[in-house]
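Notes to accompany the following structure.
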Amino acid sequence: MTCVATSRMEWLFQRCHKEAVFFSGFRSVLLMSCLLLVLSVSMYPGLWSIGVQLHSAFTGSYAPGHHSLLLINSPNELAARDIGRAIMERQLAASINILARTSTMYYWKGEIQDASEVLMLVKTKTSRIQQVMDFVRSPVTPQDGTI
């Protein structure tokens with residue numbers, strides 16, 4: 001009887017041990033999966049932002065949905081106001097700041113030149129940058145009457 005009880009106890013021990021090893025491995029995999037899921041969800045905004053920046057850096061393109069700041073130089077304040085008003089009328093920007101009388105230094109024909117100009121800060125959606133640039137670079141048309 002003792003021999004049968006002993007072998008039955010060994011059998012139960014081996015079976016419980018195998019199940020315990022299986023369930024501990026299963027628990028480990030489940031815990032790691034949950035941890036990975038939580039980390040992925042919590043890090044998603046940061047990873048997405050890095051992905052957008054890398055895409056922009058490698059392709060040279062802009063990511064729609066983001067906002068950008070354009071710097072536009074103008075020879076005088078009147079021209080800056082006209083350009084700014086025309087951009088705003090076409091709803092190409094959210095706002096425009098005009099910084100009067102900025103000092104500029106640049107090379108011209110091998111010499112350093114000093115000049116003053118007006119700097120415009122144009123706040124717009126990144127997807128509209130090309131439209132703003134095309135508009136600013138477009139020539140003045142007589143029927144339009146605006147710059």
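Within the model, atoms CZ of Arg137 and CD1 of Ile72 stand 9.5 Å from one another, a figure rounded to the nearest 0.5 Å. Here OG of Ser127 is found 8.5 Å from NE2 of His67. Values are rounded to the nearest 0.5 Å. Put simply, CD1 on Ile87 and CE on Met120 are 4.5 Å apart, with the number rounded to the nearest 0.5 Å.
Nearest heavy atom pair, residue Ser74 against residue Ala80, reads OG-N, 3.2 Å. In plain terms, the two heavy atoms of Gln91 and Arg128 that are nearest each other are O-NH1, 2.7 Å. Taking all atoms of both residues into account, the shortest heavy-atom contact from Val118 to Asn76 is CG2-C, 3.4 Å.
Partners of Glu77 under the side-chain hydrogen bond (donor to acceptor under 3.5 Å, both in side chains) rule, at least two apart in sequence or in another chain, are Arg81. Residues meeting the side chain to side chain contact (heavy atoms under 4.5 Å, CB included) test with Leu35, sequence neighbours left out: Leu39. The side-chain hydrogen bond (donor to acceptor under 3.5 Å, both in side chains) check on Asp134 picks up Gln130, with sequence neighbours excluded. Listed by chain and number, the residues in a salt bridge (charged side-chain N to carboxylate O under 4.0 Å, His left out) with Arg85 amount to none (sequence neighbours excluded).
In the hydrophobic cluster analysis, where Ile, Leu, Val, Met, Phe, Trp and Tyr join through side-chain heavy atoms closer than 4.5 angstrom, Ile129 is grouped apart from Leu69. Hydrophobic clustering (side-chain heavy atoms under 4.5 Å, transitive across Ile, Leu, Val, Met, Phe, Trp, Tyr) keeps Leu121 apart from Met133.
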Run the side-chain donor-acceptor check on residues 96-111: report pairs under 3.5 Å with partners two or more places apart or on a different chain.
residue, atom, partner, partner atom, Å
Asn97, OD1, Lys123, NZ, 3.1
Arg101, NH1, Ser116, OG, 3.3
Thr102, OG1, Glu117, O, 2.8
Thr104, OG1, Glu117, OE2, 2.8

